Amino acid sequence: MLIAGSRRAAASGAWFDTENPFTGAAWARVARGTAEDVDAAVEAAHAAFRCGAWPGMTAADRGNLLLKLADLVDRDVERLARAEIRDNGKSIAEVRAQVKGVAAVYRYYGGLADKIEGSAIPVDDNQFLVYTRLEPLGVIVAITPWNSPLRLLSLKLGPALAAGNTVVVKPSEFTSTSTLEFMDLVAEAGFPAGVVNVVTGFGAEVGPALSTHPKVAKVSLTGGTDSGRKAYLAAAADLKTVTLELGGKSPNIVFADADLDRAAEGAAAGVFGSAGQTCIAGSRLLAHKDIAEALTTRIVTLAKARRLGDPSEEATEIGPVATRRQFEKILEYIAIAKGEGAELVTGGRQARGEGLGEGLFIEPTVFANVANTMRIAQEEVFGPVLSVIPFETEEEAIAIANDIPFGLAAALWTRDVARAHRVAAKLEAGTVWINTYRRNAPQVPVGGYKQSGIGRESGALAIKEFMQSKSVWVSLA
Ligand SMILES: NC(=O)C1=CN([C@@H]2O[C@H](COP(=O)(O)OP(=O)(O)OC[C@H]3O[C@@H](n4cnc5c(N)ncnc54)[C@H](O)[C@@H]3O)[C@@H](O)[C@H]2O)C=CC1
Ligand SMILES: CN(C=O)/C=C(\CC(=O)O)C(=O)O
């Protein structure tokens, strides 16, 4: 772990193995933290927030540290990406691109740090000058999942540090190592000891201690909806604020006038990329009935052509699923879909073949003629499984798209500009893509409607999620 600038084992001395999902072999041991380690980390972060170099720094100073960090990430992209894929099995090409994006996130918040302004407020008494200051909250807990550890950490750490907070990071128990490697860069950039700390361990063992610690000001979690709900309930006891980035079941709507080749590419990339292990996976394909069959045929061709294999090889497009638990969950959902009467068009099994061994590979899977009421259409699978749901009218497409407890992302494909904007306005989702899928940029907010989350990450406003406003009254009398 990393506490007050020192690498530490857990106070209990316990460790757990982290496995490479491609080889199935344990390749590192990670400290198994407990509430005692949480307390030490939060105390370190609290001390760094109150005294020492950090609270005296200007916003520009903090920005410069983040800019330095961005340069170091750029320098070490390959090392960080390879550490990450050993834990989560995603393809090196995808993770390399993602880590380059991580540098861009830190650069963005480095630039933003000294551009956050309070305001002077004209009150109806000239004897007073009133102004607001935007101040950091204090100790932030950043809990991250296993699918994109470094990217999702950057969306928390970038704005939290730019705003002047200190942080305790809790990476997923399945993917702690890239975060621990990354901490070398935080130190090299010059962040004072204690400003960023890391507690490793299991969610159920350290999560509650983090969310309820009296010196923690805020919990920011990305993960499954169940974990988000638990962290939210725990944080509520002390009225801590939360930002939650949770599950999704995103609709990808293809109208009859769409460019079908591009829509098929977008649909396949949206649900088979990362083996479907992304909260923004376009797992529900709403296809107009006139083109549903032609579109499905194209997607099946793309699904069969996807190259599964060793995540560390450049040609690999889809690696294994990150954990055995996730692998079993996906196969269980495939069985549920079959039982519900969904029509299996391709995939549906563990993928086998040369170089795949007994690895946790799932064939890219497509179900046709799915009803939106089926569990396969309503619940997050987090795997390479696409449900094709036919529709007849624009109104029906919008109704199906919104008939879900989630609201993270949505997409639509059409050549009709008026329809594109009309439908985008009606979709209940934090992001809507038109004729594209899964794009992101540091400048653009992301987050969920409904049970997909609370608050927004990325973009300029995200920094305000880590700040509070203070009003100062000055008597001029
Ligand atoms: N929205 C997203 O980005 C993600 C969604 N998921 C979804 O969640 C499902 C379950 O996956 P899991 O591996 O269980 O992910 P998870 O939601 O448990 O993991 C996310 C993070 O939350 C932590 N955590 C777990 N319980 C906690 C608690 N009570 N308090 C505080 N932190 C806690 C974990 O240790 C991890 O660091 C997946 O099948 C998938 O559907 C999983 C990972 C990422
Ligand atoms: C928050 N999130 C959930 O998985 C989405 C991601 C990660 C990914 O797509 O790999 C993102 O916005 O980049």
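These figures come from a predicted structure and were not determined experimentally. Just so you know, ligand 1 is whichever comes first in the structure, and atom 1 is the first atom listed for that ligand.
Under the 4.0 Å criterion applied to side-chain N and carboxylate O atoms, Arg32 and Glu205 are assigned as salt-bridge partners. The pair Arg75-Glu78 does not meet the salt-bridge criterion, since no charged nitrogen lies less than 4.0 angstrom from a carboxylate oxygen. Between Arg79 and Asp76, at least one side-chain N (NZ, or NE/NH1/NH2) sits under 4.0 Å from a carboxylate O, which counts as a salt bridge.
Ring geometry, Phe382 versus Trp146: the interplanar angle exceeds 60°, so the pair is classed perpendicular (tilted spans 30 to 60°).
Proximity to Glu173 (heavy-atom distance under 4.0 Å) selects the following atoms of ligand 1: 34 (C), 35 (O), 36 (C). The atoms of ligand 1 that sit less than 4.0 Å from any heavy atom of Thr144 are 21 (C), 36 (C), 37 (O). Heavy-atom contacts of Ser148 reach the following atoms of ligand 2: 7 (C), 8 (C), 10 (O) (cutoff under 4.0 Å).
At a 4.0 Å cut-off, not a single heavy atom of Gln277 sits close enough to ligand 2 to count as contact. Heavy atoms of Leu152 approach ligand 2 to within less than 4.0 angstrom. Residue contacts with ligand 1 leave out Ala234, since none of its heavy atoms falls under 4.0 Å from the ligand. Proximity of Lys90 to ligand 2 is established by a heavy-atom distance of less than 4.0 Å. Distances from ligand 1 to the non-hydrogen atoms of Gln277 include no value under 4.0 Å. Contact between Gln98 and ligand 2 is present, with at least one heavy atom of the residue lying under 4.0 Å from the ligand.
Side chain of Arg284 to main chain of Ala401: a donor-acceptor pair is present (N/O by atom type, distance under 3.5 Å, no hydrogens or angles). For the pair Asp39 (side chain) and Glu36 (backbone), a donor-acceptor distance under 3.5 Å is absent. The backbone N or O of Ser274 sits nowhere less than 3.5 Å from a side-chain atom of Thr278 that would complete a donor-acceptor pair. Side chain of Ser12 to backbone of Ala14: a donor-acceptor contact under 3.5 angstrom is found. With Glu314 contributing its side chain and Ala93 its backbone, the two residues share no donor-acceptor pair below 3.5 Å.
Nearest protein heavy-atom neighbour of atom 30 (N) of ligand 1: Gly207 CA, 3.5 Å. Among protein heavy atoms, atom 3 (O) of ligand 1 sits closest to Thr222 CG2, 3.6 Å. Taking atom 12 (P) of ligand 1 as the reference point, the nearest protein heavy-atom neighbour is Arg325 NH2, 3.3 Å. Shortest contact from atom 18 (O) of ligand 1 to any protein heavy atom: Ser227 OG, 2.9 Å.
Between Glu380 and ligand 1, at least one N/O pair is under 3.5 Å apart. For ligand 2, the polar-atom distance check against Thr278 finds a nitrogen or oxygen pair separated by under 3.5 Å.
For the pair Arg86 and Trp27, the cation-pi test (distance below 6.0 Å, angle within 45°) is passed.
The presence of a protein heavy atom under 4.0 Å from atom 10 (C) of ligand 1 is ruled out.
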